[in-house]
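Values in this document were obtained by computation on a predicted structure and should not be read as measured data. Basis for what follows: all heavy atoms, side chains included, without hydrogens, waters or symmetry-related copies.
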Amino acid sequence: MAYKVDQEYDYLFKIVLIGDSGVGKSNILSRFTRNEFCLESKSTIGVEFATRTLQVEGKTVKAQIWDTAGQERYRAITSAYYRGAVGALLVYDITKRQTFDNVQRWLRELRDHADSNIVIMLAGNKADLNHLRSLPAEDAQILAEKEGLSFLETSALEAFNIEKAFQAILLDIYHIISRKALAAQEGASSNGLPHGTTINVSNLSAIRNKATCCTAN
Amino acid sequence: MEKKRIDDYEPGPVPSPRPLDRFGFVKQELNNSPDGLSKGRPASEYEREERRVRKWRKMIGVGGSDWKHYVRRKPHVVKRRIRKGIPDCLRGLVWQLISGSRDLLLMNPGVYEQLVIYETSASELDIIRDISRTFPSHVFFQQRHGPGQRSLYNVLKAYSVFDRDVGYVQGMGFLAGLLLLYMSEEDAFWLLVALLKGAVHAPMEGLYLVGLPLVQQYLFQFDHLMREHLPKLGEHFSQEMINPSMYASQWFITVFSYSFPFHLALRIWDVFLNEGVKIVFKVGLALLKYCVDDLVSKRLEELKQEYEEKNEKPVQSAEFKEKQKL
């Protein structure tokens, strides 16, 4: 293994949780990082974050997830957190059409403030409230295809697809980064090296170093 | 709770399904009363409390009639006594006196009723969405559409009409909620007005206006103060790329009412209403100073954990006060 001994992970990925207020962002976060769901949760003021370390294709990846207040007025402080993010989970509530209609506005926010290569997953949360559904999954699927996003319906309450959603984001990010590393490597040496564990350290160090990977700019 | 159900068969008030602390919050398991607030207080403490209440009553006069006179004559005594903590049974009244909201109420009869009953607000849905997410573990606000939730809605809606530039912003609910635990709807509304419009101290409305300008200003100032008073920590935070917006926005936006141990939040509010926002800076700095040795040795993730523990598990009051003397 190529990573340093004192470091307990290979990669650190910063991910932002965005979407309208009340769609369940904080509970998605607590379900994913602590396997907890709180019916009596408070609205998020400002930003919160939590982390979880997991395996992606044999690599140890630390996901650092930033949960932001959903109300529009808070974007004045929350948009700063898009910087350096390599993934975004854009959440809406399947029982509230308005939260889906606002997805476009959130995408614009990401385009304005985040890295252009950011991996975005659209998540239709509260799938357990199917009887209150105001939006068919197909509509979201169509939008996701049009905008080039992944899409899943999730339920933080029932722990449905939460793990899968984050796994998918992390895997996508990992693929993009390894492809980049590979491309850089191929560019560096004209004779095509066999793919595998030999990695150009000088190129990859930028990604591997926890400080530069996710928070620095 | 199980043990206390000896008189099971006796008719009486329906017992609360979950044990509450003395402020009405559902008790967290394991989080037993911080400094002996809910049970087992020695008799001497009760007596001291009684004496203090008597002193305070004398100072205030009936319904607050002597207050202004007393403040003019002995401002230093008032300040000192408030810093020691306003007796809980007089808190609501004193808060109204020191914030200037009592005067606003008297000058504007009928206005609140007008705002609640006749006006509509563009923020109504936003407010409703957050009602059950404001102090969800307090008994007063737990019942869906119960009196607590209704009052909270009314106060926030009235404010959003009264000041359409501010409207409703998340966080305001915690201010209103805290006030409603100590006073009527109308009184809480005018205290909110006094704070946001600056009846006595600098207006707070900038914390909630578009762009949150005052939040940005306070965070900037806090960052500089922190670097001045705690340079080692400032350096460490720089290295870890931690800035105050990650931990202190809530402190300013809700004046510590969002996730701080409630009995301490009340003490902060006593002083905050009397002395203004500088107390938020002071408490914030004191908190950092209190755990500076721990903080400088930790990385971002650990720091976050530390922060959450510090916010939920209260600091011992005496020790904390000591550190507060920055």
Within the structure provided, determine whether B:M246 and A:F49 are in side-chain contact (heavy-atom separation under 4.5 Å). no
Measuring heavy-atom distances to chain A, does B:F141 have an atom under 4.5 Å in its side chain, in its backbone, in both, or in neither? neither
Report yes if the side chains of B:V215 and A:Y74 come closer than 4.5 Å at any heavy-atom pair, otherwise no. no
Listed once per pair and sorted, the ring-ring contact (aromatic ring centres under 6.0 Å, His included) pairs that draw on residues 92-112 of chain A, sequence neighbours left out: A:Y92-A:F100
Given A:C38, A:G46, A:S41, the one with more heavy-atom pairs under 4.5 angstrom with chain B than any other is A:S41
Where A:S21 and B:R133 come nearest, the two heavy atoms and their spacing: OG-NH2, 3.1 Å
Heavy atoms from other residues, nucleotides or ligands near CD of B:Q221 exceed 12 (cutoff 6.0 Å): yes
Who wins among A:T51, A:T78, A:L39 for the most heavy-atom pairs under 4.5 Å with chain B? A:T51
Shortest non-hydrogen contact between B:Q170 and A:Q71, atoms and distance: N-OE1, 2.7 Å
Atom OG in B:S249, atom CD1 in A:I77: separation rounded to 0.5 Å? 4.5 Å
Is the side chain of A:K42 donor-acceptor paired with the backbone N or O of B:P136 at a distance under 3.5 Å, no angle test? no
If you count heavy-atom pairs under 4.5 Å between each of B:D126, B:T134, B:V169, B:N243 and chain A, which one has the most? B:V169
Is there a donor-acceptor pair closer than 3.5 Å between any side-chain N or O of A:R73 and the backbone N or O of B:V166? yes
Are the side chains of A:S43 and B:F174 in contact, using a 4.5 Å heavy-atom criterion? yes
Separation between CZ of B:R129 and CG of A:D20, rounded to the nearest 0.5 Å: 7.5 Å
Looking at A:E40 and B:R18, is there a salt bridge between them, counting it only when a charged N and a carboxylate O are closer than 4.0 Å? yes
With rounding to the nearest 0.5 Å, note down the distance linking OG1 in A:T44 to OH in B:Y258. 5.0 Å
Around atom CD1 of B:I128, are there more than 12 heavy atoms of other residues, nucleotides or ligands at under 6.0 Å? yes
